[in-house]
Each structure stands twice: as C-alpha cells, then as structure tokens.
Amino acid sequence: MADILIKNGYILTMDPDTGDLKKGEVAIENGRIIYVGLSYNGKADKIIDASGSVVMPGLVNTHNHAGMTLLRGYADDLPLAEWLEDYIWPVEAKLGPEEIYAGVRLACLEMIKSGTTTFADMYIHEQAAARAVEDCGMRAALSYGMIDFGDPERAESSLLKGRNFVKDFNGAANGRISVMYGPHAPHTCSQQFLQDVREQARKDDVKVHIHVLETEAELNQMKEKYGKCSVNMLHDIGFFDSDVLAAHCIWLSEGDMDILAETGVHVSHDPVSNMKTAAGIAPVPQLLEKGVNVSLSTDGCASNNNLDMFGVMKTAALLHKVNSMDLTVIDARKVLEMATVNGAKALGIEAGMIKEGYYGDLIVVDMKRPHLTPLYDVDSHLVYSARGSDVTTVLVDGKVLMENGQVLCMDEYEIMVEASKAAKKTDSQHLIDVLGLNDPSADQ
Ligand SMILES: O=c1[nH]cnc2c1ncn2[C@@H]1O[C@H](CO)[C@@H](O)[C@H]1O
Ligand SMILES: [Zn+2]
C-alpha cells in the first residue's frame with residue numbers, strides 16, 4: 001500500500017521517457033515514487049487531490065548561503081567588494097550558531113513556501129544549518145564555507161572545520177543531508193589550500209562547491225597573481241572534475257567554457273544576484289550549447305533579496321533573451337530543466353524528475369489563479385506568470401511539509417520571531433520591529 005497518492009493533477013514529470021500527463025497520478029511509498037501514470041492500481045494511506053494544479057518535481061536551488069536571510073536588506077546598493085568586506089563579513093563575525101540556526105530555519109520556511117525542496121549551501125556555522133535542515137524535513141547539500149586568505153594557520157583550521165563537518169553530517173537526517181567541501185573562491189583561497197581541499201574531497205569522495213569568476217575584479221586579481229584566470233588556474237592544479245559545483249561563472253572566455261565542458265564541472269547560475277550586484281551576465285546559452293550542466297540558484301538572501309526560485313526562473317529567461325537580443329535563445333522548458341533536472345544532477349541526487357524510484361520530492365502549484373488564467377501552456381505559466389506563492393503543497397522524502405498552503409513542519413510565526421531576535425545580534429540601528437516583539441501590548 002502506498003503512503004500517499006496524488007490524484008487529478010497535471011503531472012509535469014520532466015522525464016523525457018514519460019512526458020507530461022494531462023491528468024495523472026503519482027504514488028509514493030517509503031519516501032520514493034513508486035508509480036507515475038494515468039491511474040494507480042492500488043490503495044494509499046493518504047490522498048492528495050491536485051485538481052486544477054500542476055504536480056512537478058520540487059525546485060532545486062544549487063547555490064545559497066541560507067543563514068544570510070538574517071542579513072536580508074541589511075546593506076544594499078553598494079559595490080560588491082565593499083558590500084562583502086565592509087558590511088557582510090564584519091557582521092557575520094557577530095553571528096553565532098544559534099543565530100545561524102534561526103536564519104536557516106527562516107530560509108527553509110521561505111524555500112518550502114515557494115516550492116524549493118533541495119538546496120545547496122555554503123556558509124559559516126554550517127552545523128547549525130544541518131540542524132535546521134534536519135528539523136524541517138528539507139533536503140540539502142551543505143558545505144562549511146572555508147577561506148584562508150593565504151594564511152597557513154587559517155588554512156589548517158578552516159580545512160579542519162570542513163573535514164569535521166563532512167565527517168559529522170555526511171548522509172545525516174536519514175540521507176536528506178549530503179555534504180560538500182566549500183572553499184570560498186579562487187581569489188580568497190590560496191592555491192595550496194585549494195589543492196589540499198581538492199585532495200581531501202577526492203579522499204572522502206565528497207563533492208566541492210566554490211564561487212568562480214563572479215566579478216571582473218576577481219579576473220583581474222587572478223591575472224595579476226597567477227598570469228591566468230581562475231578557470232585556468234583551477235584547471236592547472238587538477239581541481240576540476242565532475243564533482244565540482246561552480247557558482248556564478250560570469251567572466252568566462254571561450255576557452256574557459258571548453259574547460260568546464262571537458263571536465264564536467266556543474267555551473268550554478270544566479271541571475272537575480274548577478275543583476276543586483278552588477279556582477280555581470282554569465283554566458284549561459286553558450287555553456288548549455290557546449291553541454292555544460294547549468295542549474296539555477298538564488299545565492300544568499302543579502303544579494304537577491306529573497307529565495308523564490310520562480311523569480312529566478314523568470315529572470316534567467318528574460319536576462320538571456322535581452323542580453324542576446326534573441327528571444328529564442330532560451331525557452332521555458334529549458335529554464336524548468338535547469339531548476340529541476342540539472343540541479344539534481346549537479347548535486348547527485350535522485351530527484352528533479354517525477355520518476356519511479358526517485359525521491360518523493362515534489363510540489364503542487366495551484367493554477368486556479370487570476371494571473372494564471374487562461375492556461376494554454378503549462379511551461380510558459382510556470383516560468384513567466386507563476387510566483388512562489390502559487391505553490392500549495394510540498395513533499396520531501398515522501399513527507400508532506402506543506403499542504404494547501406499550511407506549513408506543517410514548523411510554526412511560521414515562531415520562525416519569524418526567532419529570526420527577528422537573531423537579527424538583533426547585527427547591532428544594526430536600522431532594524432524595524434515589524435512583529436512588535438519589543439512592545440508587550442502588541443497583538444500576536
Ligand atoms: O555573492 C557573493 N560572493 C562572494 N561571497 C559571498 C557572496 N555572498 C555571500 N558570500 C560569502 O560567502 C561566504 C560563505 O561562507 C560568507 O562569508 C558569505 O558572506
Ligand atoms: Zn554565493
């Protein structure tokens with residue numbers, strides 16, 4: 001007997017073998033999809049009626065700094081280096097594991113409510129992120145953000161933290177948590193450190209998550225220091241492999257793109273963040289053309305400033321259309337693939353498609369809404385018209401985390417209270433108490 005049977009929905013399987021089903025059923029047992037088709041010939045403990053809705057794979061956000069929800073809107077409209085060095089890094093030093101736990105809980109709440117079932121993360125106090133993921137039921141590929149700035153002592157302590165994190169959390173939360181090594185970037189980490197991390201990752205059979213060529217400043221710094229760009233430097237030290245997830249990848253030459261394609265590096269594209277920080281435009285159509293696996297992501301909340309993957313999907317499509325002055329350069333289906341299939345592939349998880357044997361990670365999107373009426377083309381609506389708030393039901397690992405808009409896995413109000421309290425640790429003079437936490441007469 002199945003645990004859950006989803007009926008009456010339009011099933012966007014994203015599986016080319018099955019295609020989409022105008023009205024189909026999905027059955028889930030023990031966390032895995034056991035049936036996708038027109039009619040399930042068996043019983044189920046629980047029925048979810050998806051009439052008037054699309055049932056699709058949960059979205060996969062492949063580059064996040066989830067704890068940064070605490071810094072949403074904390075410092076905006078500043079040059080990237082100044083933003084990071086003068087505002088973000090000093091304030092991160094004030095945040096401890098309890099604050100990050102509250103921030104990641106908030107991130108998970110926001111992601112669940114907008115249809116993301118899995119995210120890849122790189123941040124400080126990542127054990128707290130792991131605890132938050134374990135508690136809320138999401139799936140995640142977590143990495144401890146490591147930076148050495150060329151300081152051997154810092155390199156040693158950073159790698160030790162990374163290794164301990166890998167040891168403690170690989171396969172945690174019943175396999176919902178996977179781990180990666182997270183060296184920050186080629187210009188903030190020394191070559192030796194990057195080599196050491198690479199070696200350790202191979203030894204542990206763990207993937208690597210890194211920022212690559214996000215800014216022109218990084219490109220110039222690398223050329224000055226090594227006489228070559230980040231991609232060539234990393235390639236020359238044998239860093240690249242099909243277990244590497246590289247975020248941003250904006251300032252690429254033709255040759256760089258060939259290296260990424262040949263080595264099987266996965267690229268995480270952050271269009272909203274890249275536009276907001278004026279970092280540039282990643283050559284996504286060219287990367288896809290060369291066969292690079294490109295997935296989509298929000299980046300941290302301080303450079304987005306939300307975690308809505310529907311916004312990211314629309315922005316990705318529009319950005320590359322206008323940039324190439326060719327609106328056929330990327331279509332809605334390709335964008336959906338990047339947000340589901342490609343993301344799961346980058347993280348090496350059996351998700352991103354509604355397919356027998358895959359994880360029961362899926363979402364229900366309500367199409368009975370003014371801004372989704374009339375409906376000619378499901379792909380088009382999901383990318384160009386829908387919003388995260390159209391997601392009504394979310395399942396991860398076959399567990400219902402949200403049903404009919406009701407979050408079941410956490411108390412929304414409590415999460416916002418705890419995050420607002422944690423944000424006080426920033427000592428910002430500008431924090432506005434919208435929840436009325438400092439006013440005892442405030443109505444809850
Ligand atoms: O857009 C970005 N570019 C580079 N670094 C970033 C960006 N957003 C966040 N971080 C920083 O990466 C570290 C991860 O552990 C954090 O210090 C975070 O602030
Ligand atoms: Zn980032």
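Both counts, for ligands and for their atoms, begin at 1 and track the order of listing. Remember, it's a predicted structure, so these values are computed and weren't measured experimentally.
Using a 4.0 Å cut-off between charged side-chain N and carboxylate O, E412 and R105 make no salt bridge. Taking 4.0 Å as the cut-off between side-chain N and carboxylate O, R333 and D379 count as a salt-bridged pair. Ion pairing of K345 with E337 is absent here, as no side-chain N (NZ or NE/NH1/NH2) approaches a carboxylate O to less than 4.0 Å. Between D361 and R139, at least one side-chain N (NZ, or NE/NH1/NH2) sits under 4.0 Å from a carboxylate O, which counts as a salt bridge. Remark: D205 does not engage R202 in a salt bridge, criterion side-chain N to carboxylate O under 4.0 Å.
More than 12 heavy atoms of other residues, nucleotides or ligands sit less than 6.0 Å from atom NZ of K276.
Aromatic ring orientation, H211 versus H248: parallel (interplanar angle below 30°, classes split at 30° and 60°).
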Pairs under 3.5 Å, N/O atoms on ligand 1 and on the protein: can you put them in a table with the distances?
from, atom 1, to, atom 2, distance (Å)
ligand 1, 1 (O), E214, OE1, 3.4
ligand 1, 1 (O), E214, OE2, 2.8
ligand 1, 1 (O), D299, OD2, 3.3
ligand 1, 3 (N), E214, OE1, 2.6
ligand 1, 5 (N), H184, NE2, 2.8
ligand 1, 12 (O), H184, NE2, 3.2
ligand 1, 17 (O), W89, NE1, 2.9
ligand 1, 17 (O), E92, OE1, 2.7
ligand 1, 17 (O), E92, OE2, 3.4
ligand 1, 19 (O), E92, OE1, 3.4
ligand 1, 19 (O), E92, OE2, 2.4

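Checked options N61, N304, N306; the residue passing with T298 is N61 (criterion: side-chain hydrogen bond (donor to acceptor under 3.5 Å, both in side chains)).
Protein atoms of type N/O/S that fall under 2.8 Å from the Zn ion (ligand 2) number 4 in this view.
Without hydrogens or angle criteria, H63 side chain to D299 main chain gives no donor-acceptor distance under 3.5 Å.
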